[in-house]
Each structure stands twice: as C-alpha cells, then as structure tokens.
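Throughout, protein chains are lettered first and strands after them, A, B, ... in sequence-line order, and every chain is numbered starting at 1.
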Amino acid sequence: MITYLEAIRLAQQKALATDARVFLYGQDIGSFGGAFKATKNLAVEFPGRVLDAPLSEDAIIGMAIGAAIEGARPIVEMQFADFSTCGLNQIVNHAATLFYRTNVPCPIVVRLPSGGTSGGGPFHSQSLEAIYAHWPGLVVVTPATVEDAYSMLLEAVNIDDPVIFCEHKFLYYHLKAEKLPDTALPIGKARIARAGRDATIVTHGAMLHESLAAALELTEDGYEIEVVDLRSVKPLDTDTILASVARTGRLLCVSEEWPWGGVAAEVLARVSSEGFGLLDAAPMRVNAKDTPVPYHPDLWAAHRPTASTIAAAARRLLQI
Amino acid sequence: MSKKIAPVTQSDFVKAYRVMLTSRVLEEKLAGLYRAGMIKGGVFLGRGQEALSVSVGIQLRRGDIFAPLIRDQGGRLAFGDSVLDTLRTYLGSQLGSMRGRDGNIHRGRPRDGYYAMISHLGAMIPTVTGALLARRLKGEQGVVGATCIGDGGTSTGAFHEGLNAAAVEQLPLIVVVANNQYAYSTPNSRQYACTDLIDKAIGYGVGSHKADGTSLLDCLQTLRNAIQTAREGGGPQLVVADLLRLVGHGEHDDFAYLDPKLKKSAVGCDCVFSAEKHIIENGWHSAEELTAWRSETEEEINATADRVRREPLPDPSEDDWAALSRPEYREQYAAS
C-alpha cells in the first residue's frame, strides 16, 4: 500500500528521473530525507540534485525563482506551511508578479506541509491556501487523495507558473492507495467525490475525509449529500460547484482554514453571486475557529471542523 | 591559482566614462520630464553612483547575470540596456520591455540575464544566487552574477539570507553595496553599528573589496578584481564603495536632510566630474572634446525621448490581464 506521503516522495523521484531540469531544495531534505521523509533516499539516488538549504525560507524561494528564470524546475520544501510566511515576500511579490511584469514565467513548485495534526500547535498546523490564492499569479492546489498527491505534484512540475502545493500532513500516513494512477483530472478541475441529491458540500484537503464521513452519517437519516473535492483552490472550478448546487439546491462549504476571507468564503461568494437562483436555502460554511490552532489534542479537535460538526451543520442546512 | 588581474587601461576608462556620461545626461532628461509632469510615476536617480554602477555592468560578459537596483542607470546601460527602453519604461510606452505593466527602475529582460528588480530590497540577492545554482547544475562554468544594493538594503533579512546561502554554495556571486550614506532619509548612524559595512564580509565567509565610489579608476579596478575572483571559483565577493547620493531619494524628495558636512567631505565628490578631470589631466582628451561628447549625447537622448513620446500607450481594453501564463488557469469573475 502506498501512503499519501510516499506518493509525494515517488512523484519527486519520478520528476527527478524524467526531467533533468528538476532539482529539490529545502531544509533537511538531503541525506536526512526531510522532516517527514518526503525526500528519503532521493539525495543518494540523484547526487547533487537534492540539496540541503540553510534556515532561510526567503532565500529558498528567491533561489528557486532565479533558478526557474534560468530554465530549471525547482521543487522547494517549506518544512511546515507555517514557515512559508518567512518566504512570503518572494512568493507573492516576485514569483507571482514575474510573468505579468516581464513575460517570463516562473515554474517553481513550493511544497507546503499544511494543516493540523494532533499536538502540532499554533506554528505547525496552519492552512494557508487562501492567502496564497489571494495574490494574482499563483496556482494553489490542495490534493486530498493519494492519487492526487502523486499526479498533481507531477503536473505541478510541468506547469510554467508558480504552484503552491498544499499537501496535508494529517493525510501523510493513514491515507493509502493500492497503486498510483496513470491518468488524472487536470489541475483546475474539481471532482465529485460522492454523488448526492439533497445538499452539496464543497471542501478540500483533509476536510474531504471529514465531509465524506459526515455524508455517510447523514445517510442514516435518509439524506444523500454530494461532496465536491476542489483539488485546486486556484483556479477554482466554479462550473462544477454550480452544477452540483443546481442538482441539490443547498450548499455547505467546509474548510480547515480560518473563516475570514478563506476558500469557503470565496465559494460562498461565487455561488451567491452566480448561482443565487439555484439555492433553496441560504448557503452555509464550517471553518476552523477564529483563533490560533491550539496545542492540546482536545482543544485542537474542537478547533477544526470534524465529521460530527459538519454533519450537524448539514442537518441545519437541510431543515431550512 | 588566480591569473594576474589586468590593470585598467586608458581605453577601459574612457569607454566607462562615456557610459557614465550617457547615464548622467539621460537622468537629467528624466528629471526634466518628471518636472514637466510627463512621467506619471516616480523618478529615482543614480547621480553620484555612476562610476560604481558602470564599473559593474561594463565588466560583466554576455552570459553573466546582472540584477541592478534603483540607482544603476549606468550599470544597466553598460550591461546592454538602452536609452530607448529606459525612456519607454519611464514613459509607460507599450513598446517597452515592461509594456506599461511596471515602470521606471523596475525593468529588465530576464531571458538575457538582465533581471527586473522588485522593490523589496535584498530580494535579488537570493534570486541571482539561485540563478547561479541553476547554471552550475547545468554544468556551466565561468559565469558570474552581480547584484547591487545600498547601505539600507544591507539591513534586510533577504540580504543576510541570500549572501549566506550563496556562501554556503560557494557560488560566483558579486554583491555590490553603494554605501551612499542615506536610505531615503535614514543616515548610516541609524542603519548599522559596525565600523564599516565591509566588516560584514568576514561574518559571511565571503571575499571583501573596498572601493572609493567617487573614483572611476578605483571602482573599475576593484570590480575587476572581485569579478575575476568570483569567476575563477573564489566564491561570493562583497564589494562596498563609499560615496554620496547627490540627489534626493527620488525627484519628489528635496533632500533637505542632507548633512552639509558630507557634501563637503571626500564622499561628496562627483564621480563624473572627477573622471572628466582624470581624462583631461592625463591628456587623453581635451575639455572641448568632452563638451562635444555631452552635446552629442544630449541630442541623441532628446531625439529618443521625442520618439518615445509619440509611441502608443498601453490600452486597458487590449491588455489580456493575465497574471498566469497558462490561459486555462485564468479565472473569470462574473461581475468584473
């Protein structure tokens, strides 16, 4: 069985093996194999192409940009998504503006080990996809399955634009697949993860699995919930979302991020504006609480959306 | 190991002076256009920094990388930028390399190794470092990358991270600091506490070179040494040149905060005048010849400016408004 984390390692291995332009740069990713072992053995297998970086997120991203201008395809690892804010300037002001300003694209992939795990605390748990999606010039993806972790990372390397690859740490070990896919939906297309008729849940990342569990729970009450896995939050597949809402008439957005200006807020805005007539009830959202992500497992479990809080929200939506 | 570094010749000096002159005259034109309200954004000049800047750009080769900063009109021209594209970018011409999407000093042609700075100081140091890493991974040898910064920029995190990372990788990076005494209005006494900015070199484990930024001869020789050392595998080189910014931060700035003592001190010497003096005193060219060169340059620049002013401006209805290169990723917002 292949885990989500192993799929990420295998995608990088394949990218290195098949594309001489690819190299990896990040903290502890060389002989140590990465804080999560997402680059295990790759430094040995590809000498000189998997390089340890100093503790310098700004330099890591800046160097990736320079390398990309020179024709390389760097994949850089931020040890945790949370630390990417130390490299924010290079991502949003340099990588994201380069093509618009100079007509030279910036093909970098920035891997962000994202999202909460029990005991992670305020600085090792953040979901930052919305802030990166806010700036023009970035592609932001949030694979929720082993298959997508693999195929979307390989696709990201081949995209000429900067890609923020939000891989979810909660899925690293327990999410498994029999085999890796040969084909995949392209980045920019959402996926109906579960078909239904009574309400639509739009979600991404680890929340896909909480939402699917909630949908299963609601079948006991006779409800069939459709679950849309966004896969990429930018571009956002508005067509698939609207088509689903047209079938169900009800929308619940579920996101592990903070509520203010997040992906859920963007989906709500688009459906309210472009699909108002499709709605039988006011759309709703479930986000993490508007505080830093807490350390203690009990606090953390209450901070993030879970199958039971999602199911409770869906019941309220269905009763309107 | 190092090959002997050639001394700067008369021909090198005069060639560099001609670029300094073009830069000075072009910037005077830009200031005039600004005062006439013809430039919508800011104008940021490198008056007083031409000797240093030209010494960098003119001694790089085709295939090298150059990431200039705000006050590097001279170095830009020396590296291959043109008066035409400078004016196009300042005036927002659609035909300029930035097509009206960015302006003034934020211009470049990255594919030619001429990088377009972002305003965030220090950011180009890791960028050039990464470019040099990519060149090394491709197996290219003998190329160098140079980037310029000021005293203020040495206080940024990006300066530290970039120079340190370049040192760890032993890449052929030259960081040129124009120690021009002010970061906008902030004097050096509020910028750093080391005795001399060159003292930072030892902390990063990089080569160090100090130059008199008012002397073209010293700048040319110092940069020649630094570039050759980097090119021959000596790792990153830090160059610090002391000089004085002879204008405000931008043309909007009256420079009222300038300490008059600095103006009268050694750093206050105008490098263009001292280069002219050097040429005349050595009997290389007469004062009349130099005056004629200035007139020719002025005529050329005035003609180019007139041409650019007739060029089309960017048309909002024609712009594709695309921040991503892949068309299918461009999102459509229904109401906008």
Turns out that what part of A/Pro54 lies under 4.5 Å from chain B's heavy atoms comes down to side chain

Judged by atom type as modelled, is there a donor-acceptor pair below 3.5 Å linking the side chain of B/Lys138 to the main-chain atoms of A/Glu70?
-> yes

Hey, does B/Ile65 have a side-chain heavy atom less than 4.5 Å from the side chain of A/Ile69?
-> no

Does the side chain of A/Met63 reach to within under 4.5 Å of the side chain of B/Thr127, using non-hydrogen atoms?
-> no

Can you tell which part of A/Arg270 gets under 4.5 Å to a heavy atom of chain B, answering side chain, backbone, both or neither?
-> side chain

With a 4.5 angstrom heavy-atom cut-off, could you sort out which part of A/Phe99 is near chain B: side chain, backbone, both or neither?
-> both

Of all heavy-atom pairs between B/Tyr115 and A/Gly66, which one has the smallest distance, and what is that distance?
-> OH-O, 3.8 Å

Pick from B/Arg99, B/Glu328, B/His160: which one has the most heavy-atom pairs with chain A under 4.5 Å?
-> B/Arg99

Partner residues of B/Ser208 under the side chain to side chain donor-acceptor pair (under 3.5 Å) criterion, sequence neighbours left out = none

Scanning both residues in full, the closest heavy-atom pair of B/Ser325 with A/Asp161 reads N-OD1, 2.7 Å

With a 4.5 Å cut-off on heavy-atom pairs, point out which of A/Gly48, A/Ala53, A/Ala59 contacts chain B the most.
-> A/Ala59

Can you tell which of B/Met98, B/Arg109, B/Met117, B/Met124 has the highest number of heavy-atom pairs within less than 4.5 Å of chain A?
-> B/Met98

Count the heavy atoms belonging to other residues, nucleotides or ligands that lie under 6.0 Å from CZ of B/Arg61, then report whether that count exceeds 12.
-> no

Quick one: are B/Arg326 and A/Val139 in side-chain contact, heavy atoms under 4.5 Å?
-> no

To the nearest 0.5 Å, tell me how far A/Phe23 CZ sits from B/Leu133 CG.
-> 5.0 Å

Top residue by heavy-atom pair count (under 4.5 Å) with chain A, among B/Ala166, B/Gly145, B/Ala116, B/Gly162?
-> B/Ala116

Minimum heavy-atom distance B/Ala322-A/Tyr100, with the two atoms named | O-CD1, 3.5 Å

Take A/Thr97 and B/Asp102, measure what side-chain contact (heavy atoms from CB on, under 4.5 Å) needs, and give me the verdict at the end.
-> CA-CA 10 Å; A/Thr97 65; B/Asp102 208 340; over 6 Å; no

Return the option, out of A/Leu138, A/Thr102, A/Ile60, with the maximum number of heavy-atom pairs under 4.5 Å with chain B.
-> A/Thr102

Working to the nearest 0.5 Å, report the span between CZ of A/Arg101 and CZ of B/Arg107.
-> 12.0 Å

Are any non-hydrogen side-chain atoms of A/Gln90 and B/His120 less than 4.5 angstrom apart?
-> no

Of the listed A/Leu55, A/Asp58, A/Leu98, A/Asp160, the one with the largest count of heavy-atom pairs under 4.5 Å with chain B is A/Asp58

Name the member of A/Leu51, A/Ile65, A/Ile61, A/Ile187 that forms the most heavy-atom pairs with chain B at distances under 4.5 Å.
-> A/Ile187

Pick from B/Ser119, B/Gly108, B/Ala323, B/Ala134: which one has the most heavy-atom pairs with chain A under 4.5 Å?
-> B/Ala323

For B/Asp319, all residues meeting side chain to side chain donor-acceptor pair (under 3.5 Å), sequence neighbours excluded | B/Arg101

Salt bridge (charged side-chain N to carboxylate O under 4.0 Å, His left out) between B/Glu331 and A/Lys234, worked out = CA-CA 8 Å; B/Glu331 297 206 59; A/Lys234 193 171 191 179; 5.1 Å; no

